[in-house]
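One structure is given below, encoded as structure tokens.
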Amino acid sequence: MTTVNPVIVAKELRKQYEDITAVDGISFEVRRGEVFGMLGPNGAGKTTTIEILEGMRDADSGQAIINGINVKDDPTAVKAIIGVQLQQNAFFDNLKLAEIVDLYARLYKAKIDPVEILSRVGLESRKNARYAHLSGGQKQRLSIAVALVNDPVVLFLDEPTTGLDPQARRQVWALVNKISENGATIMLTTHYMEEAEELCDRVAVIEDGQIIALDTPDNLIDQLLETGFKPEKRVREATLDDVFLNLTGRDLRD
Amino acid sequence: MKLYLALTIVSLKMYFRNRQALFWALFFPLLIMLIFGIMNFDGFNSPDVGVYDAAENDASRSLIDSLRGSDGAQVLAVSVGSREEVMNELKFGETRAAIIIPENFGVPGEFAELQVTYDERYAQERVVISTVLGQVTDALFKEVAQVPSEYRVENSIGISESFIEGQGQGFKGWLIPGIAAMAIMQTGLFTVVFTLVRFKSQGVLRRLKATPIGASHFLAGQLTTKAIVVVLQTYVLVIVGALVLGVTVGGGRLAVWFDLTILALLGGALFIAIGLAVSGWAKNEETAAPIANIISMPMMFLSGVFFPLSIMPEWVTRWSQYLPLTYLADGMRAITVEGAAITTLGSELLGLAVWIAIAFVIATRMFRWE
């Protein structure tokens, strides 16, 4: 499969940690403007793959190319044009949000208005709050705001909604959709299937360091149904998630 | 450079918003200093006396031995030195009296006058010293120079007394630079260890590494902040200590603040480097804290912070004189109490320089970002 002018190219990536092969020959391409998801259980190799693409880890073999730049050759140039939200994000407890965004803008040599960036993730009213005082959802949105300071060509989100309550999760989804509508390419990892269905144009399913399926969510579902698959439980019109949100409201609790 | 400045300012903001760090850096050492300063341990020791022996004969040596008393019952804490050393020690409050033994002491037929100079601020010690001196000379001449009346004590030995007001600061003067040195150690070691280890375990450093600039600029800003804190802390401790405990700093020499700044920065560099080595090695706070304590606790008590090394057994001081904190505390004391210029502190500066070199080599080898 070859895409015209792909933004992300992964070719036969491999990474071995002592006795486990975390990434075992992964190849895929991501188009400009696409939201690409990597799905898989914990330990499948999602984070290692994404960190190789971000220039945070070296692959043992294979190629990672972002926007035409080989990551291994010039990780600094890659880091300058990507936005990164790591799985374990932490910022400085004693800084105000606007100060954190401003600090990161300096690290990317970007000239931005911190308050404007915060308003994109709905945190402008909290600009003077300390990081330590944020809720989990707010911290996650701040880390997305920080990932936006350099107006990135590609935004990497590693498990952006893990640990969030349903309301905060939906808020992050809306945010990702908005960023995507503005033309950014987004690559995210998740182990929530409804998240992948909601956000991703295409998904790669990873297990044991290998891609075992790669297609649009609709196609993957159709392929499954063609095999004669029947869900164990009859699908209803609403889910328990809907019940919860209907009972507790869609408003954020932070 | 602009980025470095901006990062330093951000680090300073973070530091001064952290009340716990401020407590340990400023209020805790201040508290210890004031508590110990008010308890005032001066009275517990036998008075210190400096002796200059110009005669250097059997009689004068016998006199000095008698002043010392026997091992079991020390009468006076006698130190022998040159005339200049002895007078300086008195002037800077390290001793309570200076005794000068003239050349003709013990020479039969001559009248020798012992010159005793007291620090007039210590009346009680003066009484002890003059009583001891009177008894000792008396006893000495009954033994050594028996016979004829012209050789009797009152005819052969005189004691002249004079007074100066020493700048001496006694225990309080000892304590302030000691605590300032200890605080430099604690700040350098602990704030570096705790902030960096936390940044490391929380993933803050990883996120910084994902930026094109990387985390090294940030680290430089952090370390600069600690150096600034170390200097400010030294000023606060010395100034507040001097005001509250009534001690004069550096004999009124103005350059003392410049010298203190340099010495504080050297001490800061040393303990920051040790902190870097520990935080580079440790994965989390649980492993970092004991290591930092194992390094700092012995020095707190073996480096002459609270009490002079001279009260400790010789097998301890033989090696504790080479501890990093000993060099720093000695240097701080020379500058603040004795009014010495930093350029005269050869052995202290050399000791610090060697330790800084060792610590930086270890730090660069041990430091890991994750």
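Chain A is the first sequence line, chain B the second, and so forth, proteins listed ahead of strands; every chain is numbered from 1.
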Note to self: Whether Arg31(A) and Glu29(A) form a salt bridge (side-chain N of Lys/Arg under 4.0 Å from carboxylate O of Asp/Glu) is what I want to check.
What the structure shows: no
Margin query: I'd like to know whether the aromatic ring centres of Phe92(A) and Tyr131(A) sit less than 6.0 Å apart in this structure.
Written below: no
Next item on the list: Answer yes when Arg130(A) and Asp93(A) have at least one side-chain N-carboxylate O distance shorter than 4.0 Å, and no when they do not.
Entry: no
Note to self: Treating Arg141(A) as the side-chain partner and Val121(A) as the backbone partner, does any N or O pair qualify as donor plus acceptor under 3.5 Å?
What the structure shows: yes
Note to self: Give the interface residues of residues 142-156 of chain A toward chain B, defined by a heavy-atom separation under 4.5 Å.
What the structure shows: Val146(A), Ala147(A)
Checklist line | Main-chain N/O of Ala59(A) paired to Lys72(A) side chain as donor or acceptor, under 3.5 Å | finding: yes
Notebook entry, point to check: Asp158(A): what forms a salt bridge (charged side-chain N to carboxylate O under 4.0 Å, His left out) with it, not counting sequence neighbours?
Noted result: none
Checklist line | For Phe36(B), the option from Leu175(B), Ile179(B), Val305(B), Leu31(B) that meets side-chain contact (heavy atoms from CB on, under 4.5 Å) | finding: Leu175(B)
Notebook entry, point to check: Is it the side chain or the backbone of Ser11(B) that comes within 4.5 Å of chain A heavy atoms, both, or neither?
Noted result: neither
Next item on the list: Side-chain contact test, heavy atoms from C-beta onward, threshold under 4.5 Å: evaluate it for Phe190(B) versus Ser296(B) and give yes or no.
Entry: yes
Next item on the list: Identify the residues of residues 79-87 of chain A whose heavy atoms come closer than 4.5 Å to a heavy atom of chain B, ordered by number, or report 'none'.
Entry: Lys79(A), Ala80(A), Val84(A), Leu86(A)
Notebook entry, point to check: Near Tyr235(B) OH, under 6.0 Å, is it more than 12 heavy atoms from other residues, nucleotides or ligands?
Noted result: yes
Checklist line | Pairs of heavy atoms under 4.5 Å with chain A: top-ranked of Arg207(B), Met14(B), Lys2(B) | finding: Arg207(B)
Checklist line | Shortest non-hydrogen separation from Ala292(B) to Leu189(B) and the atoms involved | finding: O-CD2, 3.5 Å
Item checked: Lys46(A) side chain to Pro41(A) backbone, donor-acceptor under 3.5 Å -> yes
Next item on the list: Under 4.5 Å, counting heavy-atom pairs only, tell me which of Arg17(B), Gln202(B), Arg198(B) racks up the most with chain A.
Entry: Arg17(B)
Checklist line | Any donor-acceptor pair under 3.5 Å from Ser279(B) side chain to Val193(B) backbone | finding: no
Checklist line | Side chain / backbone / both / neither for Phe199(B) at chain A, heavy atoms under 4.5 Å | finding: side chain
Notebook entry, point to check: Any luck finding a side-chain donor-acceptor pair between Arg32(A) and Asn67(A) under 3.5 Å?
Noted result: yes
Notebook entry, point to check: Is the side chain of Ser119(A) donor-acceptor paired with the backbone N or O of Glu124(A) at a distance under 3.5 Å, no angle test?
Noted result: no
Check: Under 3.5 Å, is there a donor-acceptor pair between the side chain of Thr191(B) and the main chain of Thr187(B)?
Finding: yes
Checklist line | Contact residues of residues 99-108 of chain A (partner chain B; heavy-atom separation under 4.5 angstrom) | finding: Glu99(A), Leu103(A), Tyr104(A), Arg106(A), Leu107(A), Tyr108(A)
Note to self: With a 4.5 angstrom heavy-atom cut-off, is it the side chain or the backbone of Phe218(B) that approaches chain A, or both, or neither?
What the structure shows: side chain
